[in-house]
Amino acid sequence: MMMMRQALARAGRTGTMQIQKRKMGGGGFDHKFFVKKNKFVEEWNGRREITEKAFDMTSDKVPTVLLTLIVFPFAIYSATRTELINSGDRRYKDVC
């Protein structure tokens, strides 16, 4: 008899409970709220995904690549090293 009463109480309790509804960011939007995609953002994302397929290396791009990847970083390194030597940084003082 005790088990029957508990089972009936449990069945009555679940029938009255409400299902929790999810809301976006806790705001007043329900699940029927549709997001309109921005075509420019979608195009940008698609372009990022196929960059390696769209990139082509030609002979007129070689000087730009060499300048960007080798000459420019070496110039920054050289200028920084010269500045450290002239300012008397501890790494460039004579040990003797």
Side-chain angles (χ1 to χ4, degrees):
M1 185 72 166
M2 182 75 148
M3 291 171 67
M4 182 67 99
R5 199 173 336 157
Q6 288 176 349
L8 289 173
R10 202 174 306 128
R13 213 176 356 183
T14 57
T16 59
M17 292 173 57
Q18 291 184 350
I19 298 173
Q20 180 182 3
K21 294 182 181 178
R22 295 182 178 226
K23 296 185 178 188
M24 293 177 17
F29 304 112
D30 62 353
H31 65 282
K32 296 176 186 170
F33 181 72
F34 295 106
V35 179
K36 183 178 177 186
K37 292 183 178 182
N38 187 339
K39 67 177 182 178
F40 300 108
V41 173
E42 295 300 321
E43 182 181 347
W44 174 260
N45 286 336
R47 193 75 176 141
R48 285 180 58 205
E49 292 173 0
I50 61 167
T51 300
E52 66 274 1
K53 295 177 183 173
F55 180 76
D56 59 332
M57 187 67 179
T58 57
S59 60
D60 58 333
K61 292 183 183 178
V62 171
T64 305
V65 170
L66 290 177
L67 182 73
T68 305
L69 297 178
I70 296 173
V71 176
F72 185 67
F74 183 75
I76 291 175
Y77 166 75
S78 174
T80 306
R81 185 174 183 271
T82 304
E83 180 67 27
L84 288 174
I85 290 172
N86 291 340
S87 67
D89 190 71
R90 63 179 173 82
R91 289 173 283 195
Y92 295 103
K93 287 183 180 179
D94 292 331
V95 179
C96 301

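Numbers here are sequence positions counted from 1.
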Candidates Leu84, Ile85, Asn86 - the one meeting side-chain contact (heavy atoms from CB on, under 4.5 Å) with Thr82: Asn86

Heavy-atom check, side chain of Glu83 versus side chain of Thr80, under 4.5 Å: no

Residue pair Val65 / Met57: nearest heavy atoms and the distance that separates them: CG2-CE, 3.7 Å

From Leu69, Thr68, Ile70, Ile76, residue fulfilling side-chain contact (heavy atoms from CB on, under 4.5 Å) relative to Phe72: Ile76

Residue pairs, two or more places apart or on separate chains, that pass salt bridge (charged side-chain N to carboxylate O under 4.0 Å, His left out) and touch residues 41-51: none

Minimum heavy-atom distance Asp60-Pro63, with the two atoms named: O-CD, 3.7 Å

Single-linkage hydrophobic cluster Leu66~Phe55, side-chain heavy atoms < 4.5 angstrom: yes

